[in-house]
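One structure below.
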Amino acid sequence: MTTDTTVIAPESGNGAARKERISHLIQQHGALMVLFALIVVGTFGFDSFATPENAASVVVASSFTAIIAIGMTFVIISGGIDLSVGSLFVLGGVLAAWGSQYGAVVALLLPLLACGAVGLAQGLLIARTGMAPFIVTLAGLLGVRGLMLAISDEGATTYLVRDRTFAALGQGEILGLTYPVYITIVLALLGMLLLQRTGFGQNVYAIGGNEQAAALMGVPVARTKVYVYLMSGLLAGLAGALNAARLSSGVTILGIGLELDVIAAVVIGGTLLTGGAGGLTGTIAGVLLLGVIQSLINQVGNLTSSFQQVVSGAFLALVVIAQRLLSKAQRL
Amino acid sequence: MLEARGISKRFPGVLALDRVSLALRPGEVHALVGENGAGKSTLIKVFTGVHRPDEGELRYRGEPASFATPLDAQRSGISTIYQEVNLVPMMSVARNLMLGREPRNRFGVIDAARMNAEAERVLAGYGVETDVRRPLRTLGIGAQQMVALARAVSIDAKVVIMDEPTSSLEPREVATLFGVIRRLREQDIAVIYVSHRLEELYQVCDRVTVLRDGRLAHTGDIHELERIQLISLMLGRDVGEVRSGGLTRFSRDRGRAVTAEPVVEARGLKRRHVLQDVSVSVRPGEVVGLGGLLGAGRSETAKAIIGALPLDSGQVIVAGSPLRRRTTAGAIKAGISLLPEDRKAEGIIPTLSVRENIALAALPALARAGVVSDARIDQVVDTFMKRLRIKASSPHQKVSELSGGNQQKVLLARWLAMQPKVLILDEPTRGIDVGAKAEVQALIDELAEAGLGVLLISSDLEELVEGSDRILVLRDGAVVGELSGDEVTEERIMASIAEHSSTNPEEADAHG
Amino acid sequence: EETTAAPAASSTQGQQVVATPTGASTGPTCTLEQFGGTKFDLKTAVVGFSQSEKEANPFRIAETQSIKDEAAKLGIENLRVTNAQSQFSKQITDVQQLIAQGAQLLVIAPLNSDGWEPVLQQAAAKKIPIITVDRKINAKPCSDYLTFIGSDFYQQGQRAADQMIKALGGKGKVAILLGAPGNNVTTERTNGFKDRIKEKGTGIEISFEQTGEFAREKGQQVTEQLIQSNPDINGIYAENDEMALGAVTALKGAGKEPGEIKIVSVDGTKSAVQGIVDGWLYSVIESNPRFGPLAFETAQKFLNGEPIPDKVIISDREYDTTNAASSLSEAY
Amino acid sequence: MAEATTAPSGPPGRLDRARVFIWLQEYGVYAAVLALLAFNVLFTPHFLDAANFRTQLVQVAPIVIVSLGMALVIGTQGIDLSVGSVMALAAAVVVLYLGYGAWPAILMALLAGAVVGAAGGSLVAYVGVQPIVATLALLVGVRGIANVLVPQLKEFRNPDLIALGSGSLLGLPLVVIIAAALTVVVTFLVRRTTFGRQVVAIGGNRAASELSGLPVKRVLLTVYVISGVLAAIAGVLATARLQASDPTSLGQFIELSAITAVVVGGTPLTGGRIRVLSTVMGALLMQLLSATLIKHNLPQSWTQMVQAGIILAAVYATRERGTR
Ligand SMILES: Nc1ncnc2c1ncn2[C@@H]1O[C@H](COP(=O)(O)OP(=O)(O)OP(=O)(O)O)[C@@H](O)[C@H]1O
Ligand SMILES: Nc1ncnc2c1ncn2[C@@H]1O[C@H](COP(=O)(O)OP(=O)(O)OP(=O)(O)O)[C@@H](O)[C@H]1O
Ligand SMILES: O[C@@H]1[C@H](O)[C@H](O)CO[C@H]1O
Ligand SMILES: [Mg+2]
Ligand SMILES: [Mg+2]
């Protein structure tokens with residue numbers, strides 16, 4: 001074998017590579033930086049913002065979105081999208097509350113089973129028929145909500161959580177934070193491990209980066225996709241179940257438009273909607289960022305509902321523009 | 001070892017393979033040749049489970065085989081390098097190389113440090129030294145192809161299929177590749193080798209199969225065939241006809257145009273880390289070659305001239321007047337056209353037809369008040385499809401269904417339809433068969449003859465030398481030599497590159 | 001105990017009037033002692049008001065305005081208002097953040113009756129009295145929350161049915177434009193109406209019911225379809241005024257004459273009462289949103305140590321041709 | 001080579017089935033609309049009344065108009081989630097300026113739509129924000145602005161504007177005529193103009209389009225502006241029909257209906273291809289479907305589940321098939 005050596009790229013350490021790394025950092029951690037900045041602003045601007053109680057309310061509320069966003073991150077990195085999560089979230093809650101009359105195990109397993117099945121079906125349709133994820137999961141969004149309405153007497157029946165053990169899963173606290181927060185942290189860590197350090201994670205990135213190439217490189221494309229949507233369905237169902245435990249009831253009016261919040265969080269977190277790049281740290285930061293924006297708006301106290309919307313929209317736009325410009329400026 | 005018996009494969013409107021048979025023996029290097037669109041890539045994709053044959057039988061190690069997916073084929077020991085680099089651009093080099101067989105630690109989790117170290121070690125063996133944690137897309141196409149090669153070979157394979165692996169490699173990398181192929185042969189691994197570079201076939205191959213229009217034209221020992229015979233088999237003409245028709249690519253005298261004012265002149269193009277003060281000028285009727293190794297900045301120079309690469313400083317002057325706003329549209333309007341290097345990513349619009357792809361850039365000129373005139377488009381499309389002999393079932397066929405070579409011709413047609421003053425050709429004959437290559441080269445001659453200025457980028461030194469009046473040699477984004485007249489030889493180009501090999505790239509950076 | 005602290009009817013225009021408990025009638029009551037809270041001064045306290053829907057529907061506008069006006073009138077300096085934009089999860093978080101901001105009294109217009117567990121727990125731990133207005137919370141008064149002030153939606157449905165029976169002379173075909181699904185207002189207004197029809201209007205057939213989601217455009221669209229396929233319809237019961245007005249537009253568009261199809265609806269907005277004057281609507285059952293005076297009066301009495309009823313049901317007006325023109329100024 | 005293709009090789013049924021697939025892909029929506037019409041003629045009372053067709057067309061008109069813009073945007077590989085909020089903004093603006101007369105007010109509303117489109121288009125084309133997020137920010141913010149402008153539903157009595165919503169010409173509702181005219185215009189734009197070709201080229205391969213000198217950014221910007229203006233037109237028409245401006249609920253979730261219409265009509269979300277007439281058919285299909293379910297008095301749960309099923313079936317039938 002020849003010993004000739006072609007130096008293709010300059011070694012890291014020179015300006016180019018450094019800049020590239022910085023731009024990568026901003027892409028990945030832009031949300032984290034903006035989040036940090038907002039927290040600083042909030043802390044100095046409002047007395048009651050940085051209190052443990054307020055922080056807890058943001059973190060607890062964010063945990064359910066975060067669980068769904070973990071699944072969505074996998075889906076989006078794989079180059080897909082899942083619009084059905086809002087409906088699965090509410091279905092999961094209703095089923096958990098209904099199932100709680102048969103004990104905590106049923107309350108937890110029933111929503112996982114049902115939402116997992118929906119995720120699986122969507123995954124199979126997407127992977128095996130080549131239909132667009134957007135449309136399959138849009139049908140999921142409609143169909144699952146219809147199903148939820150059907151089992152709750154057109155939404156009129158709210159099942160209450162009767163099982164104390166199950167309710168405790170959503171309400172129990174350690175250090176002022178409820179269990180779902182810790183569950184979210186564990187799931188996020190597992191998700192990171194899965195994404196970065198397993199073959200499955202690599203396959204997800206590969207499919208999103210170039211599906212055709214991934215197939216030719218021997219990635220089991222269809223199977224990976226099925227797992228990704230299955231996972232997203234399971235996590236949305238789990239979030240719904242935990243939320244039902246927290247609320248002690250299977251509220252039927254939840255989750256409308258939730259998919260857009262989750263997608264926004266994931267994208268703000270630096271995951272590309274075109275797939276192939278992104279990660280979970282950004283997603284978690286994105287979820288918290290949206291929570292903090294809401295909390296800041298609440299702190300102001302007397303904004304009318306319309307102004308609140310203007311402010312959230314403007315914030316969202318500013319965040320993505322800032323992120324884009326920063327990473328553009330740093331690009332080679 | 002691996003055998004195809006009477007394979008047919010039909011695409012809508014095309015019979016791509018018509019009862020083709022091919023038998024591969026262990027330890028042989030088997031050349032697969034044919035014109036563009038002859039069906040080589042299709043046959044390979046049938047072997048590897050990408051396409052399912054409509055007819056015929058595959059046998060692998062003596063038994064009937066049918067691979068449902070490329071993964072299937074790969075698991076059974078058939079690994080492939082495809083014509084278009086098929087890796088994941090956004091993933092790191094290491095992850096691309098190791099995808100599917102990453103080293104694990106004792107918890108069964110990927111060991112990133114070991115993966116990167118392993119990747120570095122493997123790639124060093126192929127002459128690629130880079131930070132393997134960087135995204136693959138930051139590598140040049142050649143280096144990417146080497147990664148694909150390393151990946152294919154390092155999988156425990158019994159059969160390795162290479163579809164035009166050398167089309168984007170530079171000579172030294174080709175040498176590395178041949179080293180790898182010889183080693184494979186020693187290990188009794190069978191190789192199918194597709195290339196349009198006939199010299200290469202004679203260097204590494206044992207046997208040859210020729211396809212013509214989807215049909216088997218010949219199989220046999222390659223050394224029993226003369227080059228001219230091989231060509232005549234591919235083209236389907238008899239030897240005498242081929243010989244008299246002549247395969248000379250370029251036939252012009254050099255340096256007739258020296259007196260005219262440059263039709264395009266680029267002055268002091270600078271961009272940090274990419275271009276260090278590059279100046280080029282082309283006169284009407286002149287063919288200027290850009291030489292250099294991969295990553296030398298030839299494509300970047302071309303893109304800078306056409307306005308597609310933002311510059312720190314520099315100027316482009318067309319026919320005496322400088323381009324004011326540096327946009328691609330402005331440069332094209334002024335009369336510059338660029339045939340880009342990466343056909344798939346930067347050239348064809350896969351969702352559109354051949355006709356629409358050809359008319360794309362010229363559309364405004366073929367329209368009245370923004371309303372397109374079908375008659376005018378048809379006329380232009382018809383002209384160029386004939387002139388370039390584009391092989392398509394109709395002008396309305398989707399361009400993505402054409403073979404690579406014909407796609408390249410479609411792109412050429414797109415640019416010629418613009419009637420440019422200057423044509424910049426980045427690797428115009430990459431992946432084009434001998435016949436088409438000759439046609440393209442003849443066309444370059446013809447265009448220059450007609451007064452067009454041509455800037456020719458090619459990794460094929462022979463082509464560069466025979467085609468150019470003058471050659472600029474680039475290295476690390478800077479011009480390191482200019483050759484004209486009798487200096488235009490392969491040796492001088494190599495020497496010019498080598499002379500400056502000691503230059504530290506860091507230094508080049510410093511004054512950028 | 002014989003006198004409860006139910007506020008007396010006031011003479012201010014359009015102001016809410018208490019129906020139960022009236023004068024001498026009794027029900028369970030609640031005092032500051034029973035509740036376990038401590039007295040504080042309303043004027044200087046942080047008071048939180050959580051609105052559920054955007055202030056767009058006249059009902060919501062009047063409701064929020066009434067709270068704000070009364071607070072200003074009483075000199076309450078520290079009123080904080082949040083708006084959940086019809087998202088239940090957001091309302092839970094909103095209230096939690098109001099608590100985090102140190103709210104000592106909470107007035108809540110709940111989006112939904114169930115699912116308040118986390119808020120109730122937090123408020124109970126801090127002994128923060130909660131007054132819910134308009135819609136109920138399913139929990140224990142005097143321990144989970146203080147009291148409820150609002151209409152009896154079931155009764156509204158019954159009264160609408162009475163009007164419909166009267167309008168049709170006890171015979172005919174009726175369509176229902178339902179409110180937003182999964183909402184207890186919708187459920188109760190539907191049940192009240194249907195039960196009363198079954199009971200007293202046996203000659204009336206309910207031949208069509210579709211949701212108009214409490215919105216005018218949806219009311220219009222559904223009515224357009226309805227009069228096409230059921231041209232023999234005699235009456236329309238709209239579960240709020242907005243849908244009724246949408247229905248009127250549809251009827252006009254189809255070339256119907258005023259009064260040709262009898263429309264009965266609930267709310268009492270100006271436009272609807274005007275609709276009676278113009279002959280398009282037959283009758284409107286009021287649902288009075290001006291909760292400010294009653295809410296703060298109740299809170300003050302509670303803080304003063306007086307007993308507070310466990311629910312304050314207001315008596316809603318009824319508009320029809322006899323009083324529409326003269327009461328137009330009382331409509332909101 | 002092209003000549004050597006006609007001889008069928010596989011089992012005889014094979015080619016026919018392939019032809020059926022291709023036919024379905026091209027005309028599946030039309031077939032589905034016909035099937036639904038047939039069902040209604042048989043099972044829905046009074047369906048054949050002229051007034052009924054009128055109702056369906058009038059109701060679908062705003063969705064069709066929004067879908068036309070959406071089809072263009074999707075053709076560039078983009079998406080526009082802001083259309084519903086633009087409708088709301090147009091509704092708000094049109095009543096605010098009604099004092100100056102109907103036409104000036106309408107003009108202002110369309111201008112507002114163009115401005116929002118330009119904002120989204122700039123974010124996408126010049127800043128490089130992903131379309132779905134750029135227009136999501138607008139979806140949230142613009143409805144807020146609309147609500148700030150007109151905080152509560154506002155009725156109006158301007159006869160011109162009301163006539164626009166309920167008037168007819170030659171027995172056809174104005175709203176329907178406008179939707180049809182816009183369909184013709186957009187069809188012409190896509191099929192016959194340089195701009196239209198450039199739109200699909202950009203959706204097919206943006207890098208190649210840039211290198212071919214197409215004014216990529218300008219075209220993208222224009223596409224979003226068109227989508228904004230079309231949404232504003234839809235907003236004005238819906239408002240005229242309602243005889244009231246309702247920025248809170250007007251156009252909510254219409255982006256999903258529009259996207260569904262486009263996709264059910266066979267335009268791929270991956271861009272590079274636009275099918276205008278099929279998009280209109282897609283909108284019509286969804287309209288007929290919901291009308292059918294309402295007329296048969298089925299509950300909401302049913303409606304949503306059946307819609308889900310039809311979307312899946314339609315897209316399954318019209319999907320692009322691989323060549324394996
Ligand atoms: N996916 C497809 N759909 C339709 N036609 C196709 C498809 N792939 C290939 N073809 C057609 O099959 C024929 C053979 O193409 P193929 O790519 O195998 O040629 P090739 O010999 O590899 O040519 P080249 O040397 O240019 O790469 C061509 O006419 C091509 O247009
Ligand atoms: N410092 C660097 N940082 C990042 N990428 C680099 C760097 N240097 C080179 N590259 C990449 O390597 C590529 C150079 O290879 P390229 O193929 O464009 O060179 P070339 O001289 O045009 O040769 P050819 O035309 O034969 O490919 C560039 O596209 C660039 O992306
Ligand atoms: O009672 C009110 C009104 O009817 C309103 O229209 C919707 O919200 C309900 O709570
Ligand atoms: Mg090929
Ligand atoms: Mg290059």
Side-chain angles (χ1 to χ4, degrees), chain B residues 8-16 18 37-39 50-52 54-55 213-215 303 306-308 327-333 337-338 340 342-352 356-357 359-361 363-364 366-367 369-372 374 391-394 397 401 411 414-415 418, chain D residues 1-11 14-15 18-19 21-22 25 74-77 185 188-219 222 267-275 320-324:
Chain B
S8 293
K9 175 70 193 171
R10 181 186 313 279
F11 293 115
V14 194
L15 186 59
D18 187 3
V50 176
H51 293 316
R52 205 159 286 155
D54 297 330
E55 213 180 287
D213 284 355
R215 270 177 292 245
K303 286 203 173 142
I306 195 82
T327 62
T328 312
I332 291 173
K333 215 173 189 176
S337 287
L338 165 68
D342 191 341
R343 188 163 57 221
K344 197 158 139 194
E346 304 178 323
I348 61 163
I349 315 275
T351 49
L352 298 186
E356 285 168 297
N357 266 281
L360 184 68
L363 265 183
L366 297 176
V371 180
V372 297
D374 275 334
K391 214 183 272 174
S393 58
S394 97
Q397 192 179 4
E401 293 169 0
L411 292 180
R414 179 191 294 172
W415 290 116
M418 293 294 291
Chain D
M1 184 137 171
E3 309 88 73
T5 57
T6 31
S9 71
R14 201 180 177 119
L15 208 70
R19 226 176 261 148
F21 282 157
I22 290 170
Q25 198 182 309
I74 287 177
T76 67
Q77 221 178 82
V185 170
F188 180 80
L189 208 61
V190 169
R191 294 215 183 139
R192 305 284 325 150
T193 66
T194 315
F195 173 77
R197 304 285 170 96
Q198 291 176 335
V199 169
V200 278
I202 290 168
N205 186 343
R206 182 165 169 174
S209 301
E210 256 157 21
L211 281 178
S212 299
L214 306 199
V216 172
K217 290 178 178 168
R218 206 173 63 216
V219 170
T222 312
T267 298
L269 282 169
T270 43
R273 195 159 178 240
I274 299 176
R275 303 182 39 158
E320 301 235 4
R321 279 166 190 80
T323 34
R324 282 176 65 101

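Chain letters run A, B, ... following the sequence lines, proteins first, then strands; residues in each count from 1.
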From the list Ala361(B), Ala345(B), Ala308(B), the residue making the most non-hydrogen contacts under 4.5 Å with chain D is Ala345(B)
If you compare all heavy atoms of Arg191(D) against all heavy atoms of Val372(B), which two are closest, and at what distance to 0.1 Å?
O-CG2, 4.3 Å
Proximity breakdown for Leu360(B) and chain D, heavy-atom pairs closer than 4.5 Å
both
Tell me, for Pro340(B) versus chain D, whether the close heavy atoms (under 4.5 Å) come from the side chain, the backbone, both or neither.
side chain
Taking Thr328(B), Ile348(B), Ile349(B), Leu338(B) one by one, which has the highest count of heavy-atom pairs under 4.5 Å against chain D?
Ile349(B)
Is Leu411(B) in contact with chain D via its backbone, its side chain, both, or neither, using a 4.5 Å heavy-atom distance?
neither
Heavy-atom distance under 4.5 Å to chain D: side chain of Arg414(B), backbone, both or neither?
side chain
Pair count under 4.5 Å, heavy atoms only, with chain B: among Gly196(D), Ala207(D), Gly213(D), highest is Gly213(D)
Heavy atoms only: give me the nearest Gly347(B)-Asn205(D) pair and the separation to one decimal.
N-ND2, 4.3 Å
Give, as side chain, backbone, both or neither, the part of Ile332(B) having an atom under 4.5 angstrom from any heavy atom of chain D.
side chain
First locate atom CG of Leu211(D), then atom NZ of Lys303(B), and finally report the distance between them rounded to the nearest 0.5 Å.
6.0 Å
Under 4.5 Å heavy-atom distance to chain D, tell me which part of Asp374(B) shows up: side chain, backbone, both or neither.
both
Does atom CZ of Arg192(D) have more than 12 heavy-atom neighbours, drawn from other residues, nucleotides or ligands, at distances under 6.0 Å?
yes
Gly272(D), Ser209(D), Ser212(D), Ala201(D): which one forms the most heavy-atom pairs within less than 4.5 Å of chain B?
Ser212(D)
To the closest 0.5 Å, what do you measure between CD (Glu210(D)) and CD1 (Ile306(B))?
12.5 Å
If you tally heavy-atom pairs under 4.5 Å between each of Asp342(B), Leu363(B), Thr327(B) and chain D, the highest tally belongs to Leu363(B)
Residue Leu214(D) versus chain B: region with a heavy atom under 4.5 Å
side chain
